Amino acid sequence: MKPTDEQNTIIEQEGNAVVSACAGSGKTATLLNFCQKRPNDRILYLVYNKAMREEASRKFKAQCLKNVTIMTTHGLAYRNYNVQSKYKLH
């Protein structure tokens, strides 16, 4: 499928990008194109929940994209959580 003008603006974006759009608008397809264009860049794709992470992982694997790390926002926070901290996770 050919990207729209709006999607091309994102795909051609240099540097960091944040994309917020409604469900079914083509965010993942846009990101797949974005990542394919940058095979040597390391890209972090943050998603809302585990189901979205698993779905995105399947799509990126099908395209043989290995430069993308897909995480939930909670997963990113937990990964960076200091276990020596006085704070407790609930």
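These numbers come from a predicted model, not from an experiment. Excluded from the calculations below are hydrogen atoms, water molecules and symmetry mates; all remaining heavy atoms, backbone and side chain alike, are included.
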Please report the interatomic distance CG(Asn67) to CD1(Ile43), rounded to the nearest 0.5 Å. 4.5 Å
Checking Gln63, Lys37, Lys27 against Leu32 for side-chain contact (heavy atoms from CB on, under 4.5 Å), the one that qualifies is Gln63
Are Thr30 and Val19 packed together at the side-chain level, in the sense that at least one heavy-atom pair is separated by less than 4.5 angstrom? no
Give the cluster check for Met52 versus Tyr45: same hydrophobic cluster or not, with ILVMFWY residues linked at side-chain heavy-atom distances below 4.5 Å. yes
Could you measure the distance from the CD1 atom of Ile10 to the CG atom of Asp5? Nearest 0.5 Å is fine. 11.5 Å
If hydrophobic clusters are built from ILVMFWY residues whose side chains come within less than 4.5 Å, do Leu44 and Ile11 share one? no
All heavy atoms of Ser25 vs all of Cys22, minimum pair found to be OG-O, 2.7 Å
Would you give the length of the straight line joining atom CG of Asn33 to atom CD of Glu12, rounded to the nearest 0.5 angstrom? 9.5 Å
Which distance, rounded to the nearest 0.5 Å, do you find between the NZ of Lys50 and the NE2 of His74? 14.5 Å
Heavy-atom neighbours of Asp41 CG exceed 12 at 6.0 Å: yes
More than 12 heavy atoms of other residues, nucleotides or ligands under 6.0 Å from CD of Glu6: is that the case? no
With hydrophobic residues grouped by side-chain heavy-atom distances under 4.5 Å, do Leu65 and Leu31 end up in a single group? yes
Between SG on residue Cys35 and NZ on residue Lys66, distance to nearest 0.5 Å: 15.0 Å
Does a side-chain N-to-carboxylate-O contact under 4.0 Å join Glu55 and Lys59? yes
Got Met71 and Leu46 here, is their nearest side-chain heavy-atom distance under 4.5 Å? yes
